[in-house]
Engineer: 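Just passing along the structure, written as structure tokens.
Convention: sequence-line order gives letters A, B, ...; per-chain numbering from 1.
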Amino acid sequence: MAKEITSREQDYSQWYNDLVLKGELADYSAVRGCMVIRPYGFALWENMRDNLDRMFKETGHVNAYFPLFIPKSFLSKEAAHIEGFAKECAVVTHYRLKNDPNGGGVIVDPDAKLEEELIVRPTSETIIWNSYKDWIQSYRDLPLLINQWANVVRWEMRTRLFLRTAEFLWQEGHTAHATAEEAVAETVQMLDVYAKFVEEYMAIPVIKGVKTASERFAGAVDTYCIEALMQDGKALQAGTSHFLGQNFAKAFDVKFLNKENQQEYVWATSWGVSTRLVGALVMAHSDDDGLILPPRIAPLQVVIVPIYKGDDSRSVIDEKANKLTKELRAAGISVKFDNSDNRPGWKFAEYELKGVPVRIALGLRDIENNVAEIARRDTKEKKSVSLNGLSDTVRDLLEAIQQNMFNKAKAYQQMHVTKVSNWEEFKKTLEEKGGFISAHWDGTAETEEAIKEATKATIRCIPLNNEKEPGICVFSGKPSVQRVLFAQAY
RNA sequence: CGGGAGGUAGUUCAGCCCGGUAGAAUACCUGGUUUGGGACCAGGGGGUCGCAGGUUCGAAUCCUGUCCUCCCGACCA
């Protein structure tokens, strides 16, 4: 049995890797645990990034940029924070190379040792709070609502393209507030922004919740998260928003003078999503024929494939296709007319691999009848449509695909939240069905750890607005006040 | 950091056991015929066999070391 599960996991790993590589999203790089994001994959990330950035600005945030390097001493100012990150930090110890006196290569110049080592940021709380200390004097300086788009490095033991890489791109918001209530409201607001983005743009339904103490961000008072379900039944943390209390304000001595002329520590939040979302997109929607990208963020929404028959047809079809391309672009749809020298069948397969939502095939026969064959990637349905008002037809279809992808993923998610009442059911469900398991938990870290030890499942979150429902813990049999969501996770 | 499998053409891999001229498929280039689901014919270019030592007349092949990749485990706010 264990063997079968292993091979199933391997199959999914292989499936996922193929999707990313053949879909031309990313490649492995020469650097351990890092990846090269290819133009197509980067265009996808840019679309995600631009939409998120707009949503951040609509909620009053501004962008800034802080340094890549963090003095070692900064990290040690917040005890829990260093505890959480110390094991995975890349450290800069020298600032110069020199020619190897014993050979042709270069060596690190031992004379160029840094007095204080620099840490390549695993996250930027410390370097940012060092600046905030100087920026915040009075309640008039608050709230401070700043986001940065950056790369961070976490030296993970084991990496997977997009889902966990040693270096990744992300955004991190860092805000400072006059009151705890305001900071909590900000934390929840940004969680809502993330949930809205992931559901409405990426077409992936999420469960909003709060982490247990053991899964909490290092240095946070509360960690809120959105959890998504992948097609192999594993959960993926798609975004987090942390209420940091006054931990970082105290560590970096950031005080403000309130209206009553009293010194107070500020209240903080931080929140982030990363290129991991691209991995989520791949895992949540793809099939055996390749990627399936949601229209709202697809780098390419429509591809037009000409079906030539002899050289005579070429100019007629090209002319018509160029006209349609122009028409669709004018309607705000991203289109590629692929008149390259490959055969139609090759192109069909190619754009399916890359997840282009809509394909239009155009041949002489179609033009004579004033129609085109339009195919949707999500369901693979094909039909003939009139060329009159094609941009409206395509726009409606793109919207329908977006909706259908979300509905399908939502139905899958709902089918995979299972309420269980005892330990046998818990194990059986996890093994045979996967997904989220809604179960009573006695609230202790010991039980959480024991369940993880036994099944690899962790508490993904305590859903927001969770019903209070007395019961007994599925593992320990002790009293419980509510159900929580367990799952195996990425 | 433990266990397993690998590193040979752009890619996927064969060759290795049993040492003796560097291979296939695919991709790429040229010409032609084609085009409604990954075309065909002909010709062509492309590799310090991961790296470093060793054994040998001779190493992709054997030995030692080392680096890297993938899978599993440990680790992973």
Engineer: Roughly how far apart, to the nearest Å, are B/A9 and B/A14 at atom P?
Structural biologist: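 Approximately 12 Å lies between the P atom of B/A9 and that of B/A14.
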Engineer: Do A/Glu215 and A/Thr223 have side-chain atoms, one donor and one acceptor, less than 3.5 Å apart?
Structural biologist: no
Engineer: For A/Glu156 and B/C71, give me the distance from atom CD to atom P, rounded to whole Å.
Structural biologist: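 Atom-to-atom, A/Glu156 to B/C71, this comes out as 14 Å.
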Engineer: Provide, to the nearest angstrom, the distance between the CD atom belonging to A/Gln14 and the P atom belonging to B/U69.
Structural biologist: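 The answer, rounded to whole Å, is 17 Å.
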Engineer: Pairing check on B/A25: which nucleotide meets the Watson-Crick or G-U wobble criteria with it, both distances under 3.5 Å?
Structural biologist: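 Pairing partner: B/U11.
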Engineer: Please check if the distance between the ring centroids of A/Phe217 and A/His81 is under 6.0 Å.
Structural biologist: yes
Engineer: Counting only Watson-Crick or G-U wobble pairs whose two distances fall under 3.5 Å, which nucleotide matches B/G20?
Structural biologist: B/C57
Engineer: Expressed as a whole number of angstroms, how long is the span from A/Lys22:NZ to B/A27:C1'?
Structural biologist: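 A/Lys22 atom NZ is separated from B/A27 atom C1' by 14 Å.
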Engineer: Once you round it to whole Å, what is the distance between P of B/U69 and CG of A/Leu161?
Structural biologist: 12 Å
Engineer: NA contact type, A/Gly290, heavy-atom cut-off 4.0 Å: base, sugar-phosphate, or nothing?
Structural biologist: nothing
Engineer: Please report the distance separating the P of B/U61 from the corresponding atom of B/G53, rounded so that it comes out in whole Å.
Structural biologist: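 The same atom, P, in both gives a distance of 14 Å.
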Engineer: Can the positive tip of A/Lys354 be found less than 6.0 Å from the middle of the six-membered ring of A/Tyr40, inside 45° of the ring normal?
Structural biologist: yes
Engineer: In whole Å, what separates the P atom of B/G50 from that of B/A60?
Structural biologist: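 Taking atom P in both B/G50 and B/A60, they lie 10 Å apart.
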Engineer: What is the separation between atom CG on A/Asp18 and atom P on B/U11, rounded to the nearest whole Å?
Structural biologist: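 In whole Å, B/U11 P and A/Asp18 CG are 15 Å from each other.
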Engineer: Taking the C1' atom in each of B/C70 and B/G15, what is the distance between them to the nearest angstrom?
Structural biologist: 22 Å
Engineer: What interatomic distance, in whole Å, is found between C1' of B/U8 and the corresponding atom of B/C1?
Structural biologist: 30 Å
Engineer: May I ask you to establish whether A/Lys428 and A/Phe426 are in a cation-pi arrangement, using a distance under 6.0 Å from NZ or CZ to the six-membered ring centre and at most 45° from the ring axis?
Structural biologist: no
Engineer: Whole angstroms only, please: what is the CD-C1' distance between A/Glu88 and B/C1?
Structural biologist: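 Taking CD of A/Glu88 and C1' of B/C1, I get 15 Å after rounding.
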Engineer: Can you tell me the base-pairing partner of B/U35? Count Watson-Crick or G-U wobble geometry only, both distances below 3.5 Å, and say none if there is no partner.
Structural biologist: none
Engineer: Which value, in whole Å, describes the distance between the P atoms of nucleotides B/C57 and B/C51?
Structural biologist: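 To the nearest whole Å, 24 Å.
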Engineer: Once you round it to whole Å, what is the distance between P of B/C71 and CE of A/Met157?
Structural biologist: 16 Å
Engineer: Evaluate the criterion side-chain contact (heavy atoms from CB on, under 4.5 Å) for residue pair A/Thr325 and A/Ile304; output intermediate values, then yes/no.
Structural biologist: CA-CA 8 Å; A/Thr325 302; A/Ile304 300 178; 3.5 Å; yes
Engineer: For B/G65, give its Watson-Crick or G-U wobble partner with both distances under 3.5 Å, or none.
Structural biologist: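 Partner of B/G65: B/C51.
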Engineer: Taking atom types as modelled, is there a side-chain donor on A/Thr123 or A/Arg121 under 3.5 Å from an acceptor on the other?
Structural biologist: no
Engineer: Provide the Watson-Crick or G-U wobble partner of B/C70, both distances under 3.5 Å; none if there is no partner.
Structural biologist: B/G4
Engineer: With the sugar-phosphate defined as primed atoms, P, OP1 and OP2, and the base as all remaining atoms, what B/S/- string results for nucleotides 32-38 of chain B, 5' to 3', for protein heavy atoms under 4.0 Å?
Structural biologist: --BBBBB
Engineer: Report yes or no: is the cationic atom of A/Arg164 (NZ for Lys, CZ for Arg) closer than 6.0 Å to the six-membered ring centre of A/Tyr490, at no more than 45° off its axis?
Structural biologist: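 A/Arg164 over A/Tyr490 ring: no.
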Engineer: Using the P atom as the reference point in each nucleotide, state the distance between B/C71 and B/A27 in Å, no decimals.
Structural biologist: 27 Å
Engineer: If I take atom CH2 in residue A/Trp155 and atom P in nucleotide B/C1, what distance separates them, rounded to the nearest angstrom?
Structural biologist: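 Distance check: A/Trp155 CH2 to B/C1 P gives 13 Å.
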Engineer: Pick base, sugar-phosphate or nothing for A/Lys87, based on heavy-atom distances below 4.0 Å to the nucleic acid.
Structural biologist: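 Since only primed, P, OP1 and OP2 atoms lie under 4.0 Å of A/Lys87, the category is sugar-phosphate.
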Engineer: Given the C1' atoms of B/A39 and B/G45, what is the spacing between them in whole Å?
Structural biologist: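 Those two atoms are separated by 23 Å.
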Engineer: Between A/Thr187 and A/Thr269, do the side chains contain a donor N or O and an acceptor N or O under 3.5 Å apart?
Structural biologist: no
Engineer: Specify the residue among A/Arg164 and A/Thr159 whose closest nucleotide of RNA chain B lies further upstream toward the 5′ end.
Structural biologist: A/Thr159
Engineer: So is A/Lys133 actually on top of A/Phe252's ring, under 6.0 Å and inside 45° of the axis?
Structural biologist: no
